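Below is one structure; the comments refer to it alone.
Computed from a predicted structure; not experimentally measured.
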Amino acid sequence: MSVEKIMSRKVITLDIDDNLNSAKDIFDAHKIHHILITDNKALVGIVTDRDLYKHLSPAIGTRKETSHDTMLLQKKINLVMSKTPITSNKHISLNEAVLLFHDNHISCLPIVNELNQAIGVITWRDIIKILANNYRQKRTAPKQQ
């Protein structure tokens, strides 16, 4: 099975010049853990929710928030993103994708076209879901005699 069949085509991106506040807004509004970062539509990085929250004060959004905390939200995303992400094309098999996840210690695999533009994404959660569904089908399938 190729990742094209299971990848999410709903790709959420930010521009390399966007700030951490934009990323925070996206993470708060969507139930995602990765945002792809682009420069002139080409993929140049990834920022995770963990990357973001490592750089923000826990006081943000509370009455203890300081002007310094607020200023941190204006930091550019390119200062905290992971650069040169591991990517693949849509024809890679699920097994090859699993190897990329394992060998590179990644949690998200952007799928790009020939112009290095993100056309999809697959996460380790997507792979676990497929494995769980396959196992569940095998367990509930009638046994042959």
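Distance alone, capped at 3.5 Å, is enough to place a donor-acceptor pair between the Lys76 side chain and the Asp17 backbone. Without hydrogens or angle criteria, Asn89 side chain to Ile92 main chain gives a donor-acceptor distance under 3.5 Å. Put simply, the side chain of Arg9 never gets that close to the backbone of Val121: no donor and acceptor are under 3.5 Å apart. The main-chain N or O of Thr123 is found under 3.5 Å from a side-chain atom of Asp126 such that the two form a donor-acceptor pair. Judged purely by atom type and a 3.5 angstrom limit, Asn21 has no side-chain atom pairing as donor or acceptor with the backbone of Gln74. Looking only at distances, a side-chain donor or acceptor of Lys83 sits under 3.5 Å from a matching main-chain atom of Asn78. Remark: the backbone N or O of Leu14 is not paired with any side-chain donor or acceptor of Asp18 at under 3.5 angstrom.
Under a hydrophobic-cluster definition in which Ile, Leu, Val, Met, Phe, Trp and Tyr are linked whenever side-chain heavy atoms come within less than 4.5 Å, directly or via other members, Val11 and Val3 are assigned to different clusters. Hydrophobic clustering, with ILVMFWY side chains joined whenever heavy atoms are under 4.5 angstrom apart, keeps Ile111 apart from Leu99. Residues Leu115 and Leu36 are members of separate hydrophobic clusters, defined by side-chain heavy-atom contacts under 4.5 angstrom among Ile, Leu, Val, Met, Phe, Trp and Tyr. In terms of hydrophobic clustering, with Ile, Leu, Val, Met, Phe, Trp and Tyr side chains grouped at heavy-atom distances under 4.5 Å, Ile122 and Val112 are assigned to different clusters. Hydrophobic clustering places Leu20 together with Met81 (ILVMFWY residues linked when any side-chain heavy atoms are closer than 4.5 Å, directly or through intermediates).
In this structure, Glu96 and His91 have side chains that are not in contact, with every pair of non-hydrogen atoms separated by 4.5 Å or more. The shortest side-chain heavy-atom distance between His33 and Arg125 falls under the 4.5 Å cut-off. Here the side chains of Leu56 and Leu73 are in contact, with some heavy-atom distance below 4.5 Å. Side-chain contact between Lys75 and Val80: present, with at least one pair of heavy atoms (C-beta onward) separated by less than 4.5 Å. Within the 4.5 Å cutoff, the side chain of Leu94 has heavy atoms near those of the Ile130 side chain. Between Ile12 and Ile26 there is a side-chain heavy-atom pair separated by less than 4.5 Å. Looking at Cys108 and Thr48, their side chains never come closer than 4.5 Å, going by heavy atoms from C-beta outward. A heavy-atom distance below 4.5 Å is found between the side chains of Met71 and His68.
A distance of 10.5 Å separates CD of Gln117 from OG1 of Thr13, quoted to the nearest 0.5 Å. Taken from CD1 in Ile86 to CG in Asp103, the straight-line distance is 10.0 Å, to the nearest 0.5 Å. Here Leu109 contributes atom CG and Asn104 contributes atom CG; the two are 9.0 Å apart, rounded to the nearest 0.5 Å.
Between the side chains of Asp25 and Ser22, no donor-acceptor pair is found at a separation under 3.5 Å.
Alongside Tyr135, the hydrophobic cluster contains no other residue (criterion: ILVMFWY side chains under 4.5 Å).
Listed by chain and number, the residues in a side-chain contact (heavy atoms from CB on, under 4.5 Å) with Ser107 are His34, Trp124 (sequence neighbours excluded). Applying the side-chain contact (heavy atoms from CB on, under 4.5 Å) test to Ser82 and every residue at least two apart in sequence or in another chain returns Asp51.
Summarising the local packing, CG of Asn40 is surrounded by 12 or fewer heavy atoms from other residues, nucleotides or ligands at distances under 6.0 Å.
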